[in-house]
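Remarks on the structure that follows.
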Amino acid sequence: MTRSHTVIDSPYGPLTLVATEGVLSALYMAEQRHRPPQETFGEVDARPFGAVIEQLDEYFAGERTEFDVPLRLNGTPFQRGVWEQLLAIPYGETRSYGQLADALGNSGASRAVGLANGKNPVSIIVPCHRVIGSTGSLTGYGGGLDRKQRLLAFEGAARVGTGPGTGGAGTLF
């Protein structure tokens, strides 16, 4: 399995992009929880990341609300299911862990959803920052709560837990 990586600047600090077989498989923030050792990222090579960098630049400039780059998400079937649910959360909206568990057909899996959310290997593009506690509180974020709050404010979800899509499970999609 061929892996390569590059590091880019962002308003949230340096971002490490990792590709597996030429497809984005990770996006890590500096000091991110669950970040693998640097030596697992492969050789430095920016070539596989042109579209990713372009779309991230557009996102940070406020010109993009959805990403359409190919992803290679490696995880358990449950983790991949949670990450697919994250991809369905619209820009500027939030969901609770319970709402994601309900969408997966297992209302008792909020804690497991939280653990899978925390292991998301492609932050920002797979928007784990859009997941909040059932009371609207900011809960753990692998990149740090300050970054989570800043990302939500940037996307217009400054009053976390209010606004479109944050009500009951019926408003999930």
Side-chain angles (χ1 to χ4, degrees), residues 1 3 12-13 15-21 23-38 40-41 52 59 65-173:
M1 205 168 18
R3 297 187 93 190
Y12 302 94
L15 302 177
T16 301
L17 309 175
V18 181
T20 304
E21 303 300 334
V23 178
L24 183 68
S25 59
L27 187 161
Y28 297 113
M29 297 177 178
E31 302 166 12
Q32 182 169 333
R33 190 176 347 139
H34 304 298
R35 180 186 169 114
Q38 184 79 20
T40 66
F41 298 160
V52 176
Y59 170 80
T65 59
E66 294 180 12
F67 295 92
D68 61 8
V69 294
L71 299 172
R72 183 177 180 147
L73 300 175
N74 296 313
T76 68
F78 181 79
Q79 288 172 328
R80 288 193 310 272
V82 170
W83 301 335
E84 289 295 324
Q85 291 299 315
L86 297 177
L87 288 166
I89 303 172
Y91 180 94
E93 295 187 19
T94 58
R95 299 291 183 268
S96 71
Y97 297 98
Q99 287 174 309
L100 293 178
D102 287 344
L104 290 166
N106 187 348
S107 61
S110 296
R111 186 172 298 260
V113 165
L115 292 171
N117 193 54
K119 298 259 179 139
N120 169 23
V122 184
S123 60
I124 300 174
I125 292 175
V126 178
C128 52
H129 60 277
R130 296 179 187 158
V131 183
I132 58 172
S134 61
T135 62
S137 62
L138 292 184
T139 55
Y141 181 60
L145 288 180
D146 176 62
R147 280 191 189 122
K148 180 173 187 165
Q149 185 171 16
R150 288 176 52 214
L151 282 163
L152 290 172
F154 171 73
E155 291 187 0
R159 291 195 62 214
V160 177
T162 63
T166 58
T171 62
L172 191 55
F173 294 108

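Keep in mind that what you see is a predicted model, and the values were worked out from it rather than measured.
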With side chain to side chain contact (heavy atoms under 4.5 Å, CB included) as the test, pick out the partner of Val82 among Val126, Val113, Leu115.
Val113

Contact summary for Leu100 and Gln85, nearest pair of heavy atoms
CD2-CB, 3.8 Å

Which atom names give the shortest non-hydrogen contact between Ser110 and Ala101, and what distance separates them?
N-CB, 3.8 Å

Steps toward side chain to side chain contact (heavy atoms under 4.5 Å, CB included) verdict (Phe78, Leu104):
CA-CA 9 Å; Phe78 181 79; Leu104 290 166; 4.1 Å; yes

Got a sec, which residues hit side chain to side chain contact (heavy atoms under 4.5 Å, CB included) with Val23, two or more places apart in sequence or on another chain?
Pro70, Arg72

d(Leu151 CG, Cys128 SG) to nearest 0.5 Å is 9.0 Å

Determine the minimum heavy-atom distance between Tyr59 and Phe154, stating which atoms define it.
O-CZ, 3.1 Å

Mind checking the CG-CD1 spacing from Leu15 to Ile124? Nearest 0.5 Å is all I need.
5.0 Å

At what distance, to the nearest 0.5 angstrom, does CD of Gln79 lie from CG of Leu73?
10.5 Å

Would you list the pairs meeting side chain to side chain donor-acceptor pair (under 3.5 Å) in which at least one residue belongs to residues 113-133, sequence neighbours left out?
His129-Glu155, Arg130-Glu155

Just how far is it from atom CZ of Phe41 to atom CG of Leu17, taken to the nearest 0.5 Å?
10.5 Å

Might you point out which heavy atoms bring Ile125 and Pro127 nearest each other, and give the distance in Å?
O-CD, 3.3 Å

Distance, nearest 0.5 Å, that separates OG1 of Thr40 from CZ of Arg35
9.0 Å

Ignoring hydrogens and angles, write down the donor-acceptor pairs under 3.5 Å from the side chains of residues 24-34, residues two or more places apart or on other chains.
from  : atom 1 : to     : atom 2 : distance (Å)
Ser25 : OG     : Val18  : O      : 3.4
Ser25 : OG     : Thr20  : OG1    : 2.7
Gln32 : OE1    : Met29  : N      : 2.7
Arg33 : NH2    : Tyr141 : O      : 3.1

